[in-house]
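Okay, so here's the structure we're looking at.
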Amino acid sequence: LPHWRGLPEIRKHPLPSQMPPHETKLRLLDAITNFVFKTFEALPTIPSVVIMEGLHWIDSESLEALYHLGRNASRHRVLFLGSIRSDDIDEHHPLLELVERLSLENQAEQIYLKRLTASETLELLKNIFYHTEGLEPLAERIYAETEGNPFQIEEAVFYLLESGQIRRRLGQWQIDYLPHQNLALPTDLKQFLDRKIGSLNADQLRVLRGIAVIGRPASEKMLAFITE
């Protein structure tokens with residue numbers, strides 16, 4: 001929400017300074033909501049779908065804006081689709097209250113994605129390693145390590161590729177025998193990111209820090225300036 005305040009479409013609707021804080025915030029949310037829906041109405045193709053990933057990281061102000069959008073979405077041909085990692089939030093997370101409120105108002109529907117079964121894990125690996133035979137031992141090992149968590153299954157595949165235990169040779173996937181020790185998979189996204197960042201060299205870290213400050217997209221000219 002803080003980034004929306006600077007948009008010309010929002011700034012041109014000044015908020016009266018004498019209004020109570022609650023009314024001022026409501027005016028701001030109305031301005032943002034109108035701007036969002038008018039933007040979608042101007043698109044050449046409708047209806048529209050907005051995909052929002054990682055909503056468990058949302059801040060309180062943006063949460064209020066999302067609730068305001070959700071309450072008004074039924075009047076427009078726009079579908080908001082958000083993803084939440086339930087492993088990363090507890091039962092007191094304010095996002096759960098928002099979803100509950102929108103659900104009671106018939107403005108939202110919750111869809112729970114279950115963990116994959118052993119057979120579904122095997123099917124996923126068959127789709128990743130196309131035309132590769134004998135994936136059953138690999139699928140059993142990964143399923144035992146991940147308990148069907150799709151994020152961890154993907155990370156297990158990345159781990160095996162990076163460690164060279166799965167490699168591409170002469171157009172075919174080759175899979176080494178997997179030792180019995182654990183695959184050292186991350187238990188959450190923070191651990192996953194920490195491990196990825198820890199594998200970067202000094203130059204890569206400098207570029208990453210620069211992008212974190214500049215934001216995306218970052219032009220080649222900006223990146224060149226950072227690395228000089």
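Because the structure is predicted, anything quoted here is derived from the model rather than measured. The analysis underlying the following values was restricted to heavy atoms, covering all of them including side chains, and did not include hydrogens, waters or symmetry mates.
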Open item on the list: In the structure I gave you, are the side-chain heavy atoms of Ile142 and Leu138 within less than 4.5 Å of one another anywhere?
Closed with: yes
Task: Tyr159 vs Gln165, side chain to side chain contact (heavy atoms under 4.5 Å, CB included): CA-CA, chis, key distance, verdict - done: CA-CA 9 Å; Tyr159 169 81; Gln165 296 178 74; 4.0 Å; yes
Open item on the list: Less than 6.0 angstrom from the centroid, inside 45 degrees of the normal: does Arg167 satisfy that with respect to the ring of Trp173?
Closed with: no
TODO: Using the side chain to side chain contact (heavy atoms under 4.5 Å, CB included) rule, take Glu136 and Leu122 through it: C-alpha gap first, then chi angles, then the decisive distance, then the call.
DONE: CA-CA 7 Å; Glu136 287 78 6; Leu122 174 60; 4.1 Å; yes
- [ ] Please examine the side chains of Leu55 and Ser83, heavy atoms only from C-beta on, and report whether any two atoms are closer than 4.5 Å.
- [x] no
Open item on the list: With a 4.5 Å cut-off on side-chain heavy-atom distances among I, L, V, M, F, W and Y, is there a chain of contacts connecting Leu125 to Leu161?
Closed with: yes
- [ ] Considering non-hydrogen atoms only, spot the tightest contact between Thr121 and Gly148 and give its length.
- [x] OG1-CA, 4.5 Å
Task: Any Glu109 side-chain heavy atom under 4.5 Å of Ser103 side chain - done: no
Open item on the list: For a quick check under 3.5 Å, do Ser62 and Asp59 share a side-chain donor-acceptor pair by atom type?
Closed with: yes
TODO: Check Tyr143 against Thr117 and note the closest heavy-atom contact, atom names and distance.
DONE: CE1-C, 3.6 Å
TODO: Output the distance between atom CD1 (Ile153) and atom CG (Leu124), rounded to the nearest 0.5 Å.
DONE: 6.0 Å
Task: Short side-chain to backbone donor-acceptor contact, Arg141 and Ala144, under 3.5 Å - done: no
Task: Point-to-point distance, once rounded to the nearest 0.5 Å, from CZ of Arg71 to CG of Leu98 - done: 10.5 Å
Open item on the list: side chain to side chain contact (heavy atoms under 4.5 Å, CB included), that's the test. Do Gln152 and Glu145 meet it? Break it down for me.
Closed with: CA-CA 9 Å; Gln152 291 191 335; Glu145 292 276 352; over 6 Å; no
Task: From Leu43 atom CG to Arg77 atom CZ, the distance as rounded to the nearest 0.5 Å - done: 12.0 Å
Open item on the list: Is there a path of hydrophobic side-chain contacts, each under 4.5 Å between heavy atoms of I/L/V/M/F/W/Y residues, joining Val50 to Val36?
Closed with: yes
- [ ] Look at the side chain of His76 and the backbone N and O of Val78, then say whether any donor-acceptor pair between them is shorter than 3.5 Å.
- [x] no
Open item on the list: For Leu29 versus His68, what's the shortest heavy-atom pair and its separation?
Closed with: O-CD2, 3.5 Å
Open item on the list: Between Leu102 and Leu79, is there shared hydrophobic-cluster membership here, with clusters defined by ILVMFWY side-chain heavy atoms closer than 4.5 Å?
Closed with: no
- [ ] Please tell me if the side chains of Thr132 and Gln172 come closer than 4.5 Å, counting only heavy atoms from C-beta onward.
- [x] no
- [ ] Measure the CG-CD distance between Leu95 and Glu100 for me, rounded to the nearest 0.5 Å.
- [x] 12.0 Å
TODO: Treating Ile, Leu, Val, Met, Phe, Trp and Tyr as nodes and any side-chain heavy-atom pair under 4.5 angstrom as an edge, say whether Leu26 and Leu69 lie in one connected cluster.
DONE: no
- [ ] Run the numbers on Glu120 and Lys114 for salt bridge (charged side-chain N to carboxylate O under 4.0 Å, His left out), then give the verdict.
- [x] CA-CA 11 Å; Glu120 289 169 339; Lys114 63 181 180 64; 3.3 Å; yes
Task: Glu155 side chain near Phe158 side chain, heavy-atom distance below 4.5 Å - done: yes
Task: Shortest non-hydrogen contact between Leu135 and Lys126, atoms and distance - done: CD1-CA, 3.8 Å
Open item on the list: Does any part of the side chain of Ile197, heavy atoms only, come nearer than 4.5 Å to the side chain of Leu208, both counted from C-beta?
Closed with: yes
Open item on the list: Does Arg169, at its CZ atom, have more than 12 non-hydrogen atoms belonging to other residues, nucleotides or ligands within less than 6.0 Å?
Closed with: no
Task: Pair Asp30 + Arg27: basic N to acidic O under 4.0 Å - done: no
TODO: Answer yes or no for Arg101 and Tyr67: cation-pi contact, defined as NZ/CZ to six-membered ring centre under 6.0 Å and angle to ring axis within 45°.
DONE: yes
Task: Nearest heavy-atom neighbours spanning Pro94 and Leu63 - done: CB-CD2, 3.6 Å
Task: Gap separating the CG atom of Asn149 from the CZ atom of Arg115, nearest 0.5 angstrom - done: 5.0 Å
Task: Neighbour count above 12 (heavy atom, 6.0 Å) for Glu147 CD - done: no
Task: Within 6.0 Å of CD in Glu105, more than 12 heavy atoms from elsewhere - done: yes
Task: Spatial distance of atom CZ (Arg168) from atom CD (Gln174) [nearest 0.5 Å] - done: 10.0 Å
Open item on the list: Check the orientation of Phe37 and Phe80. Use parallel for under 30°, tilted for 30 to 60°, and perpendicular for over 60°.
Closed with: perpendicular
Open item on the list: Pairing donors with acceptors under 3.5 angstrom, does anything connect the side chains of Gln110 and Tyr112?
Closed with: yes
